[in-house]
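What follows is a short report on a single structure.
Just so it is clear, the structure is predicted and the values come from calculations on it, not from any experiment. Reckoned from all heavy atoms, side chains included, excluding hydrogens, waters and symmetry mates. So that the names make sense, note that chain A is the first sequence line, chain B the second, and so on, each numbered from 1.
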Amino acid sequence: MILRLAAQSLVARALTVGMTVLAIALSVALFLGVEKVRTGARASFADTIAGTDLIVGARSGSVQLLLYSVFRIGNATNNVSWDSYRDIAARREVDWIVPISLGDSHKQFRVMGTTPAFFDHYKYRGGRSLEIPQGHGLTDLYDAVIGADVAAALGYAVGDPIVVSHGLASFTAHDDQPFRVAGIVAKTGTPVDRTVIVSLAAIEAIHVDWKSGAKTGQTTPVEAIRDMDLTPTAITAALVGVKSRLQIFGLQRWINEYSQEPLLAVLPGVALQELWQIVGVAETALIGVSAMVVVTALIGMMAMIFSSLSERRREMAIWRAMGARPATILGLLVIEAMLMAACGAVLGLGLLYMGLFMGQPLIDAAFGIWLPIDPPSAREVWGLAIVIGAAALASLLPALRAYRMSLADGMMVRI
Amino acid sequence: MHPPALALSDVTFAWPGRGGFSLSCMSFEMAQGESVLLLGASGSGKSTLLSLVCGIATADAGQVSVGGTDLGTLRAGARDRFRAEQIGVIFQQFNLLPYARVVDNILLPLRFAPRRRARAGAAAPEAARLCAALGLPEDVLKTQAGRLSVGQQQRVAVARALIGAPPLIVADEPTSALDAATQDSFLSLLFEQANKAGSSLLMVSHDERLGARFDRVIRLQDIVTTQRDAA
């Protein structure tokens with residue numbers, strides 16, 4: 001009965017209570033939203049390299065290797081020689097290995113040389129493979145497969161010519177050997193969307209007339225190049241899959257101790273963990289800010305209860321006259337606050353899911369972050385419970401004041 | 001021999017920190033079933049006296065007994081419960097929780113008084129019976145109390161005070177918000193139902209014309225001396 005009366009009392013003050021509940025709901029939605037985006041972004045990052053057991057590159061930092069090989073952020077400090085690559089590929093633990101050669105660009109997008117095996121073994125978002133709905137994969141030497149963002153940004157269609165520039169943001173173009181758009185990869189939400197993929201041999205081919213990063217002046221005819229042995233001398237990195245997961249650490253150790261060349265093999269998951277430790281500070285700051293918003297909403301509720309006390313003195317006197325103890329009045333106010341917070345939490349959850357349903361495709365398209373729409377996790381439910389608990393705590397202050405007022409007023413209020 | 005419904009003896013009381021208002025009452029008694037009108041202007045100490053009778057305030061010295069129980073011997077929580085069990089309270093106006101339904105308002109004191117609830121029997125039908133007896137329309141129970149007219153609200157307050165037949169009804173100027181015509185029928189209904197329940201009725205008012213209906217009419221200043229220190 002007390003619970004029902006508390007609810008009816010809230011309904012009777014629908015406007016102020018509604019505003020308070022709305023403020024709590026918005027803050028809760030923001031808090032949960034930040035958490036969703038944070039975990040969604042992490043999951044999307046982790047999804048970028050599903051199915052790859054080891055990333056191999058020249059010895060540097062593991063985060064750096066992860067960033068340049070998978071996310072195309074930053075540059076390799078050194079290359080991996082083709083001999084080392086073949087030594088690794090020959091290990092019996094290795095199930096598959098895909099070489100990657102980076103360093104050239106097309107407009108604002110990076111060019112990646114690799115083998116057709118890349119399309120077989122590169123997996124994203126829980127084991128999905130790359131799809132090429134328009135055109136086909138790498139068959140000819142001068143075939144280029146472009147990511148969805150490249151096609152959209154530059155307006156390319158299958159069959160269009162592409163000229164690769166030497167290096168990043170450079171003015172020297174490999175215009176003597178133009179490529180042709182052979183296929184366009186369907187949107188993945190991974191860095192593949194922003195990559196121009198060509199064959200490893202093609203990377204070698206366009207650098208035939210180059211030495212030490214500069215053009216030699218000769219121009220070898222394309223027909224002659226096609227007849228040449230285009231095995232590279234070095235690659236940037238390699239993605240490796242092992243036959244059994246138990247062998248990952250053994251192979252990693254072997255690569256890291258490889259004597260002919262200083263190499264580094266990292267587990268993508270471990271390197272990601274290191275990355276999260278770096279960006280964790282920003283994440284914590286975001287969570288902190290959104291938690292402060294929740295606190296602000298609760299303080300607003302506290303102010304609202306305080307200001308309602310004087311107009312509710314009469315009501316308190318009625319409760320007292322009917323035999324309610326001052327503790328009952330304190331409890332009544334706390335229950336009201338918890339009801340408001342609970343309504344705010346539920347409404348905030350509703351707002352969050354509404355936002356997710358509407359924003360999910362937009363965020364995926366714009367940022368490549370896939371926010372899953374799941375039922376609230378145990379962690380989120382705990383968060384909501386904490387909000388309700390904090391509301392109870394915040395209401396104690398005005399409730400204690402009501403307690404004292406009702407002791408002093410008794411049942412006689414002079415209005 | 002029944003104990004008196006209400007007995008005050010050698011009571012002194014001062015509000016803590018309220019301009020030093022203090023009150024003393026040497027002797028006052030009400031028999032069971034008796035109806036008494038206390039006449040007093042505002043500021044004559046009637047609110048303080050009612051607070052003492054209802055156990056909201058406790059006497060600094062002397063005894064306030066309701067139905068033979070000395071309120072001073074009860075702890076604060078027990079006094080609150082005792083009030084719920086033994087006393088029906090009717091205010092001048094604004095008696096009801098305006099957001100709650102009439103039936104919830106009537107049943108509210110029972111929430112804090114299990115024995116009174118047991119006396120009331122089936123509480124909801126009893127509330128309906130009281131409403132009907134007090135001339136309230138049948139559908140009033142489900143109505144929000146705030147939507148009723150002042151006259152109707154006062155009658156609901158009477159139903160609330162009478163439910164479970166508490167031995168003592170305390171009414172603080174219950175008619176002053178009503179016009180003369182409604183005052184009369186209101187008092188008739190109040191007396192009729194209080195008699196039926198066997199409850200004693202203590203009413204405070206400044207209106208001498210009401211006196212004819214009561215067993216006794218007492219001027220407040222005859223039993224109470226007040227003092228206001230210029231502290």
Side-chain angles (χ1 to χ4, degrees), chain A residues 1-18 20-21 304-305 308-333 335-337 339-340 343 400-415, chain B residues 15-18 42-43 46-58 75-101 103-114 116 123 144-146 157 160-161 163 166 170 172:
Chain A
M1 179 164 174
I2 289 203
L3 192 69
R4 195 173 73 236
L5 288 177
Q8 285 171 346
S9 154
L10 290 176
V11 169
R13 289 171 288 140
L15 188 67
T16 47
V17 169
T20 306
V21 166
M304 176 272 208
I305 299 176
S308 74
L309 284 186
S310 55
E311 67 196 57
R312 295 182 72 187
R313 281 172 90 164
R314 182 74 228 170
E315 184 189 332
M316 303 301 167
I318 294 170
W319 279 94
R320 290 283 283 140
M322 292 308 112
R325 302 162 63 168
T328 310
I329 285 165
L330 183 137
L332 187 74
L333 286 174
I335 286 174
E336 283 186 12
L339 276 177
M340 278 191 274
C343 287
L400 278 169
R401 184 172 160 150
Y403 179 100
R404 280 201 304 273
M405 266 165 51
S406 67
L407 265 182
D409 283 352
M411 32 183 245
M412 314 300 165
V413 182
R414 291 159 193 87
I415 301 175
Chain B
W15 283 107
R18 277 202 190 175
S42 61
K46 58 185 180 149
S47 293
T48 303
L49 187 69
L50 290 185
S51 291
L52 286 168
V53 169
C54 291
I56 295 266
T58 42
R75 300 169 60 140
R79 271 204 316 277
D80 289 330
R81 162 125 183 237
F82 183 84
R83 174 167 66 254
E85 295 277 12
Q86 305 288 325
I87 304 176
V89 181
I90 307 167
F91 294 119
Q92 192 169 350
Q93 54 177 333
F94 309 119
N95 265 291
L96 310 176
L97 302 176
Y99 49 79
R101 294 181 306 165
V103 62
D104 287 333
N105 266 293
I106 295 176
L107 300 184
L108 189 58
L110 303 187
R111 169 71 183 67
F112 305 102
R116 186 169 162 190
Q144 255 193 348
R160 184 183 61 187
I163 194 159
V170 172
D172 182 9

*Should we count CZ of R325(A) as having more than 12 external heavy atoms under 6.0 Å?*
no
*Measure the spacing between CG of D104(B) and CD of Q8(A) and express it to the nearest 0.5 Å.*
5.5 Å
*asked:* At a 4.5 Å cut-off on heavy atoms, which part of R13(A) comes close to chain B: side chain, backbone, both, or neither?
replied: neither
*asked:* Using heavy-atom distances under 4.5 Å, tell me whether Y99(B) contacts chain A through its side chain, its backbone, both, or neither.
replied: both
*How about M322(A) and R160(B): do any of their side-chain heavy atoms sit closer than 4.5 Å?*
yes
*Measuring heavy-atom distances to chain A, does L110(B) have an atom under 4.5 Å in its side chain, in its backbone, in both, or in neither?*
neither
*Measuring heavy-atom distances to chain A, does N95(B) have an atom under 4.5 Å in its side chain, in its backbone, in both, or in neither?*
backbone
*Reported OG1-to-CG distance for the pair T328(A) and D80(B), which is rounded to 0.5 angstrom*: 7.5 Å
*R116(B): what forms a side-chain hydrogen bond (donor to acceptor under 3.5 Å, both in side chains) with it, not counting sequence neighbours?*
none
*Closest non-hydrogen atom pair, W319(A) against L108(B)*: CZ3-CD1, 3.8 Å
*Shortest non-hydrogen contact from A84(B) toward G323(A)*: CB-CA, 3.8 Å
*With a 4.5 angstrom heavy-atom cut-off, which part of A100(B) approaches chain A: side chain, backbone, both or neither?*
both
*Which of G88(B), A76(B), P109(B) touches chain A most, by non-hydrogen pairs under 4.5 Å*: P109(B)
*Sequence neighbours left out, what passes side-chain hydrogen bond (donor to acceptor under 3.5 Å, both in side chains) with Q86(B)? Give chain and number order.*
none
*asked:* Tell me the closest heavy-atom pair linking F94(B) and I318(A), and the distance in Å.
replied: O-CD1, 3.3 Å
*Taking all heavy atoms of A317(A) and all of F91(B), pick out the closest pair and write down the distance.*
O-CZ, 4.4 Å
*asked:* Quick check for you: among A12(A), P326(A), S9(A), which has the greatest number of heavy-atom pairs under 4.5 Å with chain B?
replied: S9(A)
